[in-house]
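Structure first, commentary second.
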Amino acid sequence: MSDSSRTAEEARVAFQSCKSSDPRDRVQFYDSWAQNYEKDHNLMSYRSPHLAVNFLSENFSGSREEAQVLDVACGTGWVAKLMAELGFRHFVGVDGSKGMLELAAETGLYQDLRLALLGTQPLPAQTGVFDVVVIAGALDAGFVPVSVVREMCHAAKPGGFVCMVRGDHTGAPADKYKKDLERELQLMEEEGLWSLVGIKRVDRYMEDPHVNPERDDVQDKPYISGTVYLYQKSIDTAVKSHD
């Protein structure tokens with residue numbers, strides 16, 4: 001059960017406490033964090049799920065009631081809950097944490113939930129069937145590798161949307177990840193796998209959990225910026241795919 005009395009300081013400690021680069025250690029951490037995950041992210045003004053859903057909603061013109069949605073790194077089901085409020089009804093979720101998937105199941109929104117450690121295991125999704133593929137967060141060094149983006153594109157149906165949101169975290173590994181990611185996005189566009197619908201950059205993706213404004217003599221709350229990427233899969237990918 002989540003702790004309703006959680007403080008911002010406790011949330012910061014949680015964000016800072018998983019430093020291992022071993023994916024198995026990260027899974028164990030998220031299993032233990034699951035109950036307080038949404039509470040802690042709200043305390044840090046985390047906007048990734050809202051940014052993804054709002055940008056999708058602005059650009060999706062199909063039938064929301066019939067649309068098939070693949071929620072990658074679905075966590076507790078936050079994205080699905082927001083999309084359900086806008087009329088989406090069919091969700092498949094994938095995550096590496098069993099604890100997170102248990103909470104996602106409690107939402108009652110998913111027709112299927114699949115456990116997979118992305119990067120070490122293939123994305124467990126059918127090819128070419130999803131109207132929307134979304135990942136909010138998780139696209140960073142030590143989490144979901146860049147290679148998974150191509151798998152997400154394969155899962156989308158021709159004409160389907162792939163929406164990705166990530167925080168612009170600082171440091172050499174994060175900088176390299178962003179460079180590699182944007183190189184891959186561009187390459188996939190050049191290969192004709194998809195076309196860019198839009199990129200949205202935001203100044204306030206979330207509060208920086210590594211800076212305590214009360215202790216670090218910071219006048220204003222420091223925020224991490226973020227980026228939303230939205231692509232539409234090409235209709236004739238069967239011809240252009242390099243599989």
Side-chain angles (χ1 to χ4, degrees), residues 23 26-27 30-31 33-34 37-38 41 46-57 59-60 67-84 86 88-105 107 109-157 160-167 177-178 180-182 184-185 188 193-194 197 205 226-233 237:
R26 289 194 181 275
V27 165
Y30 276 93
D31 283 344
W33 195 17
Y37 176 86
E38 286 192 30
H41 279 69
Y46 181 71
R47 297 178 58 213
S48 186
H50 295 273
L51 292 168
V53 174
N54 291 343
F55 206 43
L56 272 168
S57 180
N59 290 278
F60 187 85
Q68 301 292 323
V69 179
L70 177 63
D71 187 1
V72 181
C74 66
T76 57
W78 199 341
V79 165
K81 285 184 280 189
L82 293 174
M83 292 186 73
L86 297 177
F88 292 89
R89 293 289 178 264
H90 303 285
F91 300 94
V92 172
V94 178
D95 202 274
S97 164
K98 185 177 179 182
M100 292 286 192
L101 289 177
E102 288 172 354
L103 289 178
T107 68
L109 295 172
Y110 293 89
Q111 283 71 54
D112 195 6
L113 287 164
R114 302 168 185 176
L115 182 68
L117 192 57
L118 299 178
T120 61
Q121 297 171 282
L123 180 65
Q126 290 179 273
T127 298
V129 301
F130 293 95
D131 299 275
V132 174
V133 182
V134 58
I135 182 168
L139 289 172
D140 199 16
F143 292 89
V144 173
V146 169
S147 59
V148 173
V149 170
R150 195 169 285 258
E151 295 181 79
M152 291 170 57
C153 180
H154 291 335
K157 66 167 53 172
F161 290 94
V162 180
C163 183
M164 298 158 280
V165 189
R166 67 178 304 274
Y177 186 97
K178 182 176 182 178
D180 291 345
L181 172 65
E182 296 196 336
E184 177 73 344
L185 299 179
M188 290 171 63
L193 295 178
W194 61 17
V197 177
Y205 174 83
T227 309
V228 188
Y229 307 89
L230 184 62
Y231 286 84
Q232 187 168 26
K233 186 170 178 177
T237 52

If every non-hydrogen atom of [X] is compared with every non-hydrogen atom of [Y], which pair is closest and at what distance?
X: Ala34; Y: Leu103; value: O-CD1, 3.2 Å
X: Met83; Y: Leu56; value: CE-CD1, 4.3 Å
X: Gln111; Y: Arg89; value: NE2-O, 3.5 Å
X: Pro145; Y: Tyr177; value: C-OH, 3.8 Å
X: Gly75; Y: Ala104; value: O-CB, 3.5 Å

Less than 4.5 Å apart, any side-chain heavy atom of [X] and any of [Y]?
X: Leu139; Y: Phe143; answer: no
X: Leu70; Y: Phe91; answer: no
X: Phe60; Y: Leu86; answer: no
X: Val165; Y: Ile135; answer: no
X: Val72; Y: Val133; answer: yes
X: Ser48; Y: Tyr205; answer: yes
X: Leu109; Y: Phe88; answer: no
X: Phe161; Y: Leu230; answer: yes

Checking the side chain of [X] only, and the main-chain atoms of [Y] only, is there a donor and an acceptor separated by less than 3.5 Å?
X: Thr76; Y: Met100; answer: no
X: Lys233; Y: Ala156; answer: yes
X: Lys98; Y: Leu115; answer: no

message: Tell me whether Asp112 is salt-bridged to Arg114, with the criterion being a basic N under 4.0 Å from an acidic carboxylate O.
response: yes

query: Quick one: do Arg166 and Glu182 make a salt bridge, cutoff under 4.0 Å?
result: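 Glu182 and Arg166: not salt-bridged.
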
Verdict with reasoning, Val228 to Met164, per side chain to side chain contact (heavy atoms under 4.5 Å, CB included): CA-CA 6 Å; Val228 188; Met164 298 158 280; over 6 Å; no

Side chain to side chain contact (heavy atoms under 4.5 Å, CB included) evaluation trace for Phe55 with Asn59: CA-CA 7 Å; Phe55 206 43; Asn59 290 278; 4.0 Å; yes

field: Arg150 side, atom CZ; Leu193 side, atom CG - distance, nearest 0.5 Å
entry: 5.5 Å

task: Please round to the nearest 0.5 Å and tell me the distance separating atom OG of Ser57 and atom NE2 of His50.
output: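 Result: 13.5 Å between the selected atoms.
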
query: When you check the side-chain N and O atoms of Tyr110 and Asp71, is any donor under 3.5 Å from an acceptor?
result: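 Yes, side-chain donor-acceptor contact under 3.5 Å.
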
When the side chains of residues 116-131 are checked against the rest of the protein, which donor-acceptor pairs come out under 3.5 Å, sequence neighbours left out?
from   : atom 1 : to     : atom 2 : distance (Å)
Thr120 : OG1    : Leu117 : O      : 2.8
Gln121 : OE1    : Leu117 : N      : 2.7
Asp131 : OD1    : Lys157 : NZ     : 3.2
Asp131 : OD2    : Gln68  : N      : 2.8

task: List the steps and the verdict of side chain to side chain contact (heavy atoms under 4.5 Å, CB included) for Trp78 and Glu38.
output: CA-CA 8 Å; Trp78 199 341; Glu38 286 192 30; 3.8 Å; yes

field: Candidates Leu101, Val94, Thr107 - the one meeting side-chain contact (heavy atoms from CB on, under 4.5 Å) with Cys74
entry: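 Answer to the side-chain contact (heavy atoms from CB on, under 4.5 Å) test with Cys74 among Leu101, Val94, Thr107: Leu101.
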
- prompt: For His41, what residues pass the ring pair (Phe, Tyr, Trp, His ring centres under 6.0 Å) criterion, not counting sequence neighbours?
  reply: Phe15, Trp33, Tyr37, Tyr46

